[in-house]
Amino acid sequence: MSAKFCPKCGNELKEGAKFCPKCGAQIVQNVQPNGANTNGAQNQNVVPNQSTEKAKNYAKDFFKWFWESVKHPSLTGKASNKYFGLTSFITSAVIAILSVMLITSKINGGIESVANSFGNDSSASVVNLFQGLVNAGAGKVELFSVLMIVAFVALAYGFRAFAVAGTGEKTDFFEFINKLAAYTNISVLLSAIMFLFVLIGGLVALPFNMLIFLFVVINDLIGFTYAIIDGQNSNKFDKLYVLLLAHLSLIVVFFIVFIKSLQS
């Protein structure tokens with residue numbers, strides 16, 4: 001029996017295969033009514049895997065929206081998908097975790113290099129001690145980063161709802177998260193750039209990354225502020241006082257999360 005191949009990617013298929021194991025394409029085998037096939041072979045048509053196609057379209061639309069929000073944060077219109085903002089903040093959390101892991105790896109490598117330069121047997125225990133401290137600290141930083149992203153989003157949403165109380169405006173969660181993400185997506189881009197700098201330049205890039213990180217913090221605070229007071233606001237609460245409470249709450253949560261992360 002002649003071998004069969006995927007018409008989409010050319011991968012060789014097993015007999016009776018319904019999906020291509022390489023590209024995921026669905027293989028539909030059309031058999032003639034009398035059971036006979038032209039030239040003794042089945043005609044194979046490829047139907048794109050719906051999950052794969054949906055993922056591709058989502059990624060394409062997301063990156064288009066993401067780039068538009070980086071170019072024009074305050075002018076970006078309503079996102080075509082309600083989960084774009086959530087995806088953006090999840091991406092930010094992933095980049096933060098990967099960055100901490102990368103820096104930890106670089107520091108541990110530096111500790112081993114210094115220890116090897118001494119060349120004594122007792123250095124192994126010292127290396128393990130310092131690496132243990134670095135790894136423990138890295139875990140706390142990762143937890144702190146994720147919790148602060150969650151707190152940042154939750155506080156912004158809560159104070160936006162507080163700011164428009166009494167106006168009849170409904171604050172849809174996903175729509176608001178899309179708006180908040182549009183205002184702060186440049187921070188996600190800069191965080192990815194910082195990760196690449198450390199990946200390529202190692203610990204030497206850290207001082208320069210600190211300057212970029214300062215800009216990220218400032219941009220996030222501006223986006224936080226703008227998302228809360230943008231558009232119509234309640235006459236019951238002055239914008240200035242709403243923002244004052246919002247930023248004070250953010251500072252309080254920052255210290256609470258910081259202390260809890262150290263105690264974990």
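These numbers were taken from a predicted model, which means no experiment stands behind them. This chain uses plain numbering: 1 for the first residue, then up along the sequence.
- Residues satisfying the salt bridge (charged side-chain N to carboxylate O under 4.0 Å, His left out) criterion with Glu68, sequence neighbours excluded, are Lys71.
- Val153 and Val146 fall within the same hydrophobic cluster, where Ile, Leu, Val, Met, Phe, Trp and Tyr residues are linked whenever their side-chain heavy atoms come under 4.5 Å apart, directly or through other members.
- Contact record, Ser261 with Leu147: OG-CD1, 4.5 Å, taken as the closest heavy-atom pair.
- Between Phe159 and Phe162, the two ring planes are perpendicular [angle over 60°; tilted spans 30° to 60°].
- For the residue pair Lys140 and Gln263, the shortest heavy atom distance occurs at NZ-C, 4.5 Å.
- Residues Val198 and Leu102 come closest through the heavy atom pair CG1-CD2, 3.7 Å.
- Shown here is Phe208, whose CZ atom has no more than 12 heavy atoms of other residues, nucleotides or ligands within 6.0 Å.
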Notebook entry, point to check: After noting the C-alpha distance and the side-chain angles of Val216 and Met194, does the key distance pass the side-chain contact (heavy atoms from CB on, under 4.5 Å) rule?
Noted result: CA-CA 11 Å; Val216 168; Met194 288 192 293; 4.3 Å; yes
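- Counting only heavy atoms from C-beta outward, the side chains of Met101 and Glu142 approach each other to under 4.5 Å.
- Contact annotation: the side chain of Ile256 never approaches that of Phe254 to less than 4.5 Å [non-hydrogen atoms, C-beta and beyond].
- We find the CG-CG distance between Asn178 and Asp172 to be 8.5 Å, quoted to the nearest 0.5 Å.
- Counting all heavy atoms, side chain and backbone alike, Ser88 lies closest to Phe66 at OG-CE1, 4.3 Å.
- Val70 is connected to Phe215 through a chain of hydrophobic side-chain contacts under 4.5 Å among Ile, Leu, Val, Met, Phe, Trp and Tyr, so both are in one cluster.
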Next item on the list: Evaluate the criterion side chain to side chain donor-acceptor pair (under 3.5 Å) for residue pair Tyr183 and Asp220; output intermediate values, then yes/no.
Entry: CA-CA 8 Å; Tyr183 296 155; Asp220 284 345; over 6 Å; no
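- Using a 4.5 Å cut-off on side-chain heavy atoms (C-beta onward), Tyr157 and Leu180 make no contact.
- Once rounded to the nearest 0.5 Å, the distance linking CD1 of Ile149 with CD1 of Ile95 reads 9.0 Å.
- Atom CH2 of Trp67 sits about 10.0 Å away from atom NE2 of His72, to the nearest 0.5 Å.
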Next item on the list: Test side-chain contact (heavy atoms from CB on, under 4.5 Å) on Phe62 and Asn81 and set out the steps.
Entry: CA-CA 8 Å; Phe62 171 77; Asn81 190 294; over 6 Å; no
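- Leu206 is listed as a side-chain neighbour of Ile103, based on a closest heavy-atom distance under 4.5 Å.
- No path of Ile, Leu, Val, Met, Phe, Trp and Tyr side chains, each step under 4.5 Å between heavy atoms, connects Leu190 with Leu214, placing them in separate hydrophobic clusters.
- Here the closest heavy-atom approach between residue Ser69 and residue Asn185 is recorded as OG-ND2, 2.8 Å.
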Notebook entry, point to check: Step by step, would you call Asp61 with Ser80 a side chain to side chain donor-acceptor pair (under 3.5 Å)?
Noted result: CA-CA 8 Å; Asp61 293 339; Ser80 60; 4.8 Å; no
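- Shortest non-hydrogen contact noted between Ala181 and Gly85 is CB-CA, 3.6 Å.
- Rounded to the nearest 0.5 Å, atoms CD1 (Ile90) and OH (Tyr83) are 11.0 Å apart.
- Using modelled atom types, no side-chain atom of Arg160 and backbone atom of Leu155 make a donor-acceptor pair closer than 3.5 Å.
- Taking the centre of each ring, Tyr58 and Phe84 come in below the 6.0 Å mark.
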Item checked: side chain to side chain donor-acceptor pair (under 3.5 Å) evaluation trace for Asn108 with Asn135 -> CA-CA 9 Å; Asn108 286 335; Asn135 292 334; 3.0 Å; yes
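- One distance of note links CD1 of Ile186 with OG of Ser191; it measures 10.5 Å at 0.5 Å rounding.
- The aromatic rings of Phe89 and Phe152 are tilted relative to each other, their planes meeting at an angle between 30° and 60°.
- To the nearest 0.5 angstrom, Thr91 atom OG1 is 12.0 Å from Leu189 atom CG.
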Item checked: Test side-chain contact (heavy atoms from CB on, under 4.5 Å) applied to Phe197 and Ile212, step by step -> CA-CA 11 Å; Phe197 281 167; Ile212 301 179; 3.8 Å; yes
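- Of the possible donor and acceptor atoms, one in the side chain of Asn57 sits under 3.5 Å from a partner among the backbone N and O of Glu53.
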Note to self: One pair to check against side-chain contact (heavy atoms from CB on, under 4.5 Å): His247 and Phe224. What are the steps and the verdict?
What the structure shows: CA-CA 9 Å; His247 285 275; Phe224 180 81; 4.0 Å; yes
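- Around the CZ atom of Phe176, the shell of radius 6.0 Å holds more than 12 heavy atoms that belong to other residues, nucleotides or ligands.
- Side-chain atoms of Asp230 and Lys179, non-hydrogen and from C-beta on, do get closer than 4.5 Å to each other.
- Asn209 places no side-chain N or O within donor-acceptor distance of the main-chain N or O of Val204, the cut-off being under 3.5 Å.
- Cluster annotation: Leu248 is not connected to Ile229 through the hydrophobic network of ILVMFWY side chains, with a link wherever side-chain heavy atoms come within less than 4.5 Å.
- Using a 4.5 Å cut-off on side-chain heavy atoms (C-beta onward), Tyr241 and Leu245 make no contact.
- Put simply, the side chain of Leu221 reaches to within 4.5 Å of the side chain of Leu250, judged on heavy atoms.
- Placement of Trp65 and Phe173 within a single hydrophobic cluster is found when ILVMFWY residues are connected by side-chain heavy-atom separations under 4.5 Å, directly or transitively.
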